[in-house]
Amino acid sequence: MILFDSHCHLNDEKFAGDLDEVIKRMQDAGVLLCTTVGSDVETSRQCIRLAEKYPFVFASAGVHPHDAKDVKDDYLSEIDSMLRHPKCVALGEIGLDYYYDYSPRDVQKRVLEEQIELAYIREMPVIFHVRDAHGDMLDILKKRAHRLPKGVIHCCSASAEMVQEYLNLGLYISFAGPVTFKNAAGLLDAARVVPPHRLMIETDSPYLAPVPNRGKRNEPANVYYVMKTFCELHNVPEEVLSNITLRNTLNFYGLPQPEHEFKEGIFPYTNIGF
Ligand code: NI
């Protein structure tokens with residue numbers, strides 16, 4: 001079984017003290033791939049450095065809505081140059097966050113739309129962060145449905161109805177630890193709507209650790225528990241669900257799917273880009 005943590009933040013300072021042990025546990029748990037996601041120019045650079053260091057780590061570059069208020073005039077060209085890096089597989093995370101409202105909403109929208117356009121031009125997939133803002137996000141995406149890059153709604157918190165609208169726009173949906181929580185009934189209703197070929201799983205670590213590790217620091221090894229929740233939801237074996245989500249995630253990030261290497265259990269990603 002090979003798992004892909006489609007969204008984590010290995011660059012977070014919470015991992016600074018013991019990253020090598022976190023990575024060892026990740027590999028022991030069968031989580032052989034992950035994408036570490038940037039949230040501004042500096043963290044995106046950190047993510048790319050990690051991806052250069054570890055063959056099984058991929059990176060993304062983008063400006064989170066929290067940081068939209070702080071962008072410099074040249075931020076788009078900075079992001080653009082990082083997108084050219086061979087281990088940078090997506091633009092993100094970008095989006096709207098009206099729960100915290102750390103950046104004014106008009107600034108959040110502007111920085112979001114500028115980055116969507118960049119992703120479209122560069123043909124890069126986009127990682128979307130959306131909190132308490134699904135209505136506005138859907139408006140923005142629908143408005144530019146004819147110029148929409150590939151995208152994923154990460155750490156999905158949308159209702160089943162909203163998820164259906166995202167699916168209609170061709171987006172992938174990724175779920176994190178909250179699907180394992182006791183009060184997750186609404187989220188599970190939304191999860192049921194997602195067809196197998198659009199489903200991705202993630203930890204968003206170090207945040208939002210799934211049950212049974214809720215409340216602790218999260219880490220990529222825990223993506224196993226998110227996967228297990230979907231096995232129970234759809235009544236399918238782990239082997240099937242892990243394979244589906246692995247293939248979706250490789251597909252989403254534009255990574256190769258070498259059939260025979262997987263079968264022989266050989267890890268095929270040591271040479272990507274280097
Ligand atoms: Ni995140």
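These numbers come from a predicted model, not from an experiment. Start at 1 and go down the list; that is how both ligands and their atoms are numbered.
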ask   = Mind checking whether Ile201 and Phe230 have side chains closer than 4.5 Å, heavy atoms only?
value = yes
ask   = Nearest to the Ni ion (ligand 1), which N, O or S atom of Asp204 do we find?
value = OD1
query = Does the distance from a Lys or Arg side-chain N to an Asp or Glu carboxylate O, for Arg110 and Asp106, drop under 4.0 Å?
reply = no
inquiry  = Holding to side-chain hydrogen bond (donor to acceptor under 3.5 Å, both in side chains), I want the full list of residues that pass it with His66, two or more places apart in sequence or in another chain.
reply    = none
remark   = Taking the Ni ion (ligand 1) as the apex, Glu93 OE2 and His9 NE2 span an angle, rounded to 10°, of 90°
query = Any ion pair linking Lys24 and Asp20 (charged N to carboxylate O, less than 4.0 Å)?
reply = no
Contact check: His154 to the Ni ion (ligand 1), N/O/S below 2.8 Å = no
ask   = Between the Ni ion (ligand 1) and His7, is there an N, O or S atom separated by less than 2.8 Å?
value = yes
